[in-house]
Amino acid sequence: MSGGPANYPLVVGHEIAGIVTAVGSEVTAFKVGDRVGVGCFVDSCRECSSCLAGEENYCKTRNDGHLQRGWPRR
């Protein structure tokens, strides 16, 4: 294990999942208790057509070595 021992029960990888515990006054899409998740944004530009469509794993500018461009679509 390269990062040292894990502090259970939380073991975060490339994706993050959890349950909303608080929301701000302007949040409308989530409420306390909702299950939520964040996918892998590693090296995504957040500006190309794939990123804007919410498919950062298909980012047109990404080249991070383990999630290469050109993987087949779902």
Side-chain angles (χ1 to χ4, degrees):
M1 189 181 293
S2 63
N7 294 318
Y8 293 101
L10 177 65
V11 180
V12 178
H14 290 290
E15 293 80 26
I16 302 168
I19 298 174
V20 176
T21 60
V23 295
S25 62
E26 296 184 33
V27 174
T28 58
F30 303 100
K31 65 183 183 307
V32 173
D34 283 350
R35 294 180 184 271
V36 293
V38 178
C40 183
F41 294 111
V42 175
D43 293 332
S44 61
C45 72
R46 309 289 286 140
E47 297 176 354
C48 70
S49 59
S50 294
C51 286
L52 293 174
E55 296 187 344
E56 294 81 3
N57 51 317
Y58 297 113
C59 177
K60 308 244 187 287
T61 63
R62 142 188 266 155
N63 186 3
D64 65 10
H66 68 282
L67 294 172
Q68 295 292 325
R69 291 180 280 162
W71 280 16
R73 293 238 177 230
R74 299 178 250 159

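All values reported here derive from a predicted model rather than from experimental measurement.
- Clustering ILVMFWY residues whenever any of their side-chain heavy atoms sit less than 4.5 angstrom apart, transitively, puts Phe30 in a cluster other than the one holding Val32.
- The distance from atom SG of Cys45 to atom NZ of Lys60, rounded to the nearest 0.5 Å, is 9.0 Å.
- The OG atom of Ser44 sits 12.5 Å away from atom CD of Glu55, with the distance rounded to the nearest 0.5 Å.
- Using a 4.5 Å cut-off between side-chain heavy atoms of Ile, Leu, Val, Met, Phe, Trp and Tyr, with links allowed through other members, Val23 and Val36 fall into the same hydrophobic cluster.
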